[in-house]
Amino acid sequence: MHSGRIPLADVAGGIDLAATLESGQSYLWRREDGDAYAGAVTSDADFETHPWYYAVPDGEVVRVRKTPDALVWESTTDAHDRLVDRLRLDDDLPAIFADAPALELVDDALEAFEGLRLVRDPAFGCLISFICSTQMRVERIHEMVSNLAREYGDAVQFQGETYHTFPTPPQLAATTEGALRDLGLGYRAPYVHRTAEMVADGDAHPDDARGLAYEDARDELTGFVGVGDKVADCILLFSLGYLEAIPLDTWMQTVVADHYPECEKGSYAETSRALRATFGGEYAGYVQTYVFHHLRTA
DNA sequence: AGCCAGGCAAGTG
DNA sequence: CACTTGCATGGC
């Protein structure tokens, strides 16, 4: 077993691990103490109760937990660089928010979840997760993605426990729409299956959007079945590093209506542009993630 | 019982 | 292009 620690002194702006991994951005991490995912955030005062979180990237199990002064990890391999990448520990939060817009809603959200970071998920898992996310509560999305891993991923043993990788495109393409419906995916079952086939057959890959201009990248991703503008923005923000992307979900539509009605332009692309400008442009997606989590946990 | 959940595809006008 | 409709499932 490999293990290590990443001092919080080396993480500019710190990290709120629970908020980061339970705020509905990533469904590829699980909390080890079960299906809690109720948004409960433990305080640093009782850090002994802080749960382990785990993911299984590339067949390697990585467990991580927060202590008052460090992130502590255990893994089947050296996981340091992987954690820095997946949890975006190199993001300098104070620098990113130095020019955040002076809006009451934004100030409140930034203050409430200091240390909330964006994640950098593998593109295929992120793509499938967010196809599953439509018209579904965060807790149930975690459940659906866990079911996919358990049924179709590879089992990996670590410290006497069994973990499962997220399925590869061929593993998901090899199943059937009916089997996916039986897992509780509902009308998303054919979307997941057809998109997995597209990737498995080599017709397209979400990584193909890398390097494109933001709105071109969004259009590229909507070529997958089950991916519209909103889901595309989630993939751009939570996997591909387009920090200006702001997914316009029902919560953000409410934010526009209640706080920034002048941003309502009648179409996703135009309203998105207006809200992006309001949220400061370059890091608008970072701001959006705080606001989303703040509203959802209120 | 009815409404809602991090929407999307397919079909019209 | 804008607009409407159907769509699975589960919790409250």
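Below, chain A is the first sequence line, B the second, and so on; all start at residue 1.
Once the 5.5 Å centre distance and the 30° plane angle are applied, the aromatic ring of Phe292(A) is found stacked with the base of dG6(B).
Look at CD1 on Ile131(A): it is 14 Å from P on dG7(B), rounded to the nearest Å. The separation between Asp121(A) atom CG and dG6(B) atom C1' is 15 Å, rounded to whole Å. We find that CZ of Arg137(A) is positioned 8 Å from P of dC12(C), with the value rounded to whole Å. Here the P atom of nucleotide dG10(C) and the CD atom of Glu143(A) are 8 Å apart, to the nearest Å. Across the protein-nucleic acid pair, His293(A) atom NE2 and dG6(B) atom P stand 13 Å apart, rounded to whole Å. Here the C1' atom of nucleotide dA8(C) and the CE atom of Met136(A) are 7 Å apart, to the nearest Å. Computed from coordinates, the Met144(A) CE to dA5(B) P distance equals 16 Å when rounded to whole Å. Rounded to a whole Å, the OH atom of Tyr187(A) is 9 Å from the P atom of dA8(C).
Phe279(A) and Tyr260(A) have perpendicular rings, their planes meeting at more than 60° on a 0 to 90° scale where under 30° would count as parallel. Note: Tyr163(A) and Phe158(A) have tilted aromatic rings, judged against thresholds of 30 and 60 degrees for the angle between ring planes. The aromatic rings of Tyr286(A) and Tyr290(A) sit tilted, their planes meeting at an angle between 30° and 60°.
The side chain of Thr134(A) has dC8(B) as its nearest neighbour among dA5(B), dG6(B), dC8(B). Comparing atom distances between the Ser133(A) side chain and each of dG6(B), dA10(B), dA5(B) picks out dG6(B) as nearest. Residue Arg181(A) has its side chain nearest to dA8(C) when only dA10(B), dG6(B), dA8(C) are considered.
Within 6.0 Å of the CD atom in Glu114(A), the count of heavy atoms belonging to other residues, nucleotides or ligands does not exceed 12.
A distance of about 23 Å separates the C1' atoms of dG6(B) and dC3(C), rounded to the whole Å.
The residues Arg120(A) and Asp85(A) are annotated as salt-bridged, a charged nitrogen and a carboxylate oxygen being separated by less than 4.0 angstrom. Under a 4.0 Å N-O distance rule, the pair Arg194(A)/Glu197(A) does not qualify as a salt bridge. Between Glu161(A) and Arg63(A), no side-chain nitrogen of the basic residue sits less than 4.0 Å from a carboxylate oxygen of the acidic one, so the salt-bridge criterion is not met.
As judged by a 4.0 angstrom heavy-atom cut-off over every strand, Thr222(A) is placed among residues making no nucleic acid contact. Counting any heavy atom pair closer than 4.0 Å across all strands shown, Arg188(A) reaches a base atom. Within 4.0 Å (heavy atoms only), Gly228(A) reaches sugar-phosphate atoms of the nucleic acid but no base atom. The residue Gln288(A) sits close to a base: some heavy atom pair falls under 4.0 Å. No engagement by Tyr268(A) is indicated, since no non-hydrogen atom pair under 4.0 Å with the nucleic acid exists.
Looking only at atom types and distance, the side chain of Asp233(A) has a donor-acceptor partner in the side chain of Tyr268(A) under 3.5 Å away.
In this structure, Trp73(A) and Ala79(A) approach most closely via the heavy-atom pair CH2-N, 3.4 Å. Thr175(A) and Ala179(A) make their closest contact through OG1-CB, 3.4 Å (heavy atoms, listed as atom of the first residue, atom of the second, distance).
Using a 4.0 Å cut-off, some side-chain N or O of Gln135(A) falls inside it from OP1 or OP2 of dG7(B).
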Below 3.5 Å is the cut-off: list the nitrogen or oxygen pairs between protein and nucleotides 2-6 of chain C, distance only.
none

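Taken residue by residue, residues 273-287 of chain A places no heavy atom nearer than 4.0 Å to DNA chain B.
Exactly one of Glu215(A), Glu282(A), Glu244(A) qualifies for a salt bridge (Lys or Arg N to Asp or Glu O under 4.0 Å) with Arg276(A). That residue is Glu215(A).
Nearest-nucleotide mapping onto DNA chain B: of Tyr27(A) and Val227(A), the residue sitting toward the 5' end is Tyr27(A). The residue among Met252(A) and Gly226(A) whose nearest nucleotide of DNA chain B lies closer to the 5′ end is Met252(A).
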